[in-house]
Each structure stands twice: as C-alpha cells, then as structure tokens.
Amino acid sequence: MPQPSISSFFMKT
Amino acid sequence: MFECRLPKAEVLKKTMDALKDLIKEAVWDVSAQGLSLQSMDSSHVSLVQVTLRTEGFDTFRCDKNIALGVNMDTMQKLMKCASNDDNITLKSEDNGDLLSLIFESPNGEKTSEYEMKLMDLDIEQLGIPDQEYSCTIKMPSGEFQRICRDLSNIGESVNITVVKGGVDFSAKGDIGNAKIHVTESSNVDNEKDAVTVEVNEPVNLTFALRYLNFFTKATPLSGQVSLSISPDVPLVVAYEIEDLGHVKYFLAPKIEN
C-alpha cells in the first residue's frame, strides 16, 4: 500500500 | 540571552532518545512560552512536534526569540554525559553559535560544562491544525510499544480498527497473520494502566509499523500514550511529559491501491 508524504496533509507556514 | 534550568537531566535525555532515530537535524525554537521543535523525518513520511513549556522549568529566561539549529546525534551524545539526577542548564547568547549544556550533580560537588556548535538550518515548518478526531485511544505506553514490536514480526503495516469498547491491531505477512484485541478497561485502580477508547465514529486505517516503532522510542517519557485517529488524516501518537509538555508524532495512513 502506498505511503503518502506527511507534508501533503499540512499547510506550509 | 537564553538560559533555562531543569531539576533533572533525565527528562531531556529521554526526549532526545525519543527523537534521534527519526530526525538527524532540527531547530529548537526558544520563546517566552518555552522550547519547541517540529521536524519531518528525512523521507517526509512522519512529523514530530515537541513542546516544553516555560512553567515546567526551574528557571527560564529568553530575552528574544531564537532558533537553535542542532545535530540531534551530537546533542544526544552530550546529554548522555549527564547523570539522570543532575540538574541541567542550557544557555546561549542571542547571536551566538554555541549552546552551553551545564550539568550539576545533586550534591553540587561536580559541575560539567559542554559547548555544542549550533548549525544554521532552514527547516520547513508546517501548520498543524487543531481538530476533532473520530477516535481517541489511551493505553499504557509499554503495551503499545509491545504491540508495534510484536506485529513487526508478521508484517510491515498494522491495521487499526476502533469500535466502541475496544481496538483491534492486526497485521498480515508472508508467514501468516496476527490480531491483537485490546478491550477498554472496566475498572482500573491505577490510571496509567487504563485503556480508554473514545469513539465518535468507528475507524479502520492502516499505518506503517516502521514509523510507529520509531515513535515508541518515547515510551520512557510517559506511562500512557494516546492515539488520535480520523479517516484520511494523519494519526497522532502523543506522549505527555508530566508538568513540562509533550512529544507528538504524526503519520499519514497508507492508502488503498
């Protein structure tokens, strides 16, 4: 199963 | 000028142990609120966030906000030079390139001072929103560590299914399958032994055990761990550090092919 990157879930500040 | 003092080095040693396998470099942000750190692991799969609040320190002085870029391996090595019972002082000038770590034995007869070179790091920061979760599980941290370790013998991933009153942790692999069911405690004398399961709606998600096993390096910090889970958002694995703050890890669920 593919593992999404954590950065795709949170906005950059 | 930044200077803070903790009565026991042990808590900071354990905090470094909880981080150093996951992240190689990080920035400690120092403000009047305390020390905080946020970093993704090198493959950007997980995120760790640490807060150590001012109120938990013996003394805390921060004249202006500063960012202390550190090599985690180096800082952990230096922290290991402190005895658990030593009190510890961290000190840095506003525009300095050194962090002083001063360890003082409880009887005051031995003082050790180490200086660590700071690094100029540009680390991407992410905004973590406050949100409600579908399920929150609280359980003994040692039990969660054991489950993650044991299921790693079977497969690479754990499927977590939360329903009212209990949680299933299951794994599948080439050698076979495993399922561990944890039931909510009905009556517990000691709070740290309790399992509580709050369910707004049942969830069923899959996570990489490799990262959960990294997260359980924080086990010595807290008797309890909390798992906050909602569909399609990162799992939060949180360890409270008594009277001082927390270490929180975030991991996105694996997605179906």
Side-chain angles (χ1 to χ4, degrees), chain A, chain B residues 22-23 27 29 36 38-49 67 122-131 133 155-160 170-173 204-212 214-215 228-237 248-257:
Chain A
M1 290 169 82
Q3 172 69 58
S5 160
I6 194 75
S7 54
S8 58
F9 290 88
F10 299 124
M11 298 282 281
K12 286 175 190 166
T13 56
Chain B
L22 199 61
I23 51 177
V27 174
D29 287 306
S36 66
Q38 187 207 97
S39 182
M40 287 186 274
D41 69 277
S42 57
S43 49
H44 289 198
V45 168
S46 66
L47 178 78
V48 60
Q49 194 276 322
D122 184 19
I123 289 181
E124 189 175 75
Q125 295 289 292
L126 301 173
I128 303 168
D130 277 334
Q131 69 169 90
Y133 286 88
E156 291 181 355
S157 304
V158 57
N159 179 270
I160 302 180
S170 55
K172 290 179 180 168
N204 177 343
L205 292 165
T206 300
F207 299 96
L209 281 165
R210 172 181 162 77
Y211 289 91
L212 296 181
F214 281 137
F215 302 169
S228 302
I229 312 176
S230 282
D232 306 322
V233 300
L235 157 79
V236 188
V237 181
K248 288 182 180 175
Y249 302 94
F250 299 81
L251 177 66
K254 290 193 161 191
I255 47 178
E256 300 287 347
N257 280 318

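Note on naming: letters A, B, ... go to the chains in the order of the sequence lines (proteins, then strands), and numbering restarts at 1 for each one. Computation of the quantities below employed the complete heavy-atom set of this structure, encompassing side-chain atoms and omitting hydrogens, waters and symmetry-equivalent molecules.
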### Summary
Taken to the nearest 0.5 Å, the spacing of A:Ser7 OG from B:Met40 CE works out to 5.0 Å
### Message
Quick check on B:Gln49: does its CD atom have over 12 non-hydrogen neighbours (other residues, nucleotides or ligands) under 6.0 Å away?
### Response
yes
### Query
Tell me, do B:Ile255 and A:Met1 make a side-chain contact under 4.5 Å, heavy atoms counted?
no
### Query
So with a 6.0 Å cut-off around NZ of B:Lys254, is the heavy-atom count from everything else above 12?
yes
### Candidates B:Leu47, B:Asp41, B:Leu251 - the one meeting side chain to side chain contact (heavy atoms under 4.5 Å, CB included) with A:Ile6
B:Leu47
### Task
For residues B:Phe250 and A:Phe10, determine if any side-chain heavy atom of one lies less than 4.5 Å from a side-chain heavy atom of the other.
yes
### Query
chain A heavy atoms under 4.5 Å from B:Glu124: which part of the residue, side chain, backbone, both or neither?
side chain
### Task
Carefully, step by step, assess B:Leu126 and A:Lys12 under the rule side-chain contact (heavy atoms from CB on, under 4.5 Å).
CA-CA 4 Å; B:Leu126 301 173; A:Lys12 286 175 190 166; 3.9 Å; yes
### Query
What is the minimum heavy-atom distance between A:Pro4 and B:Ala252, and which atoms define it?
O-CB, 4.0 Å
### Query
Using non-hydrogen atoms only, which part of B:Ser43 is less than 4.5 Å away from chain A: side chain, backbone, both, or neither?
neither
### B:Asp232 atom CG: more than 12 heavy-atom contacts under 6.0 Å
no
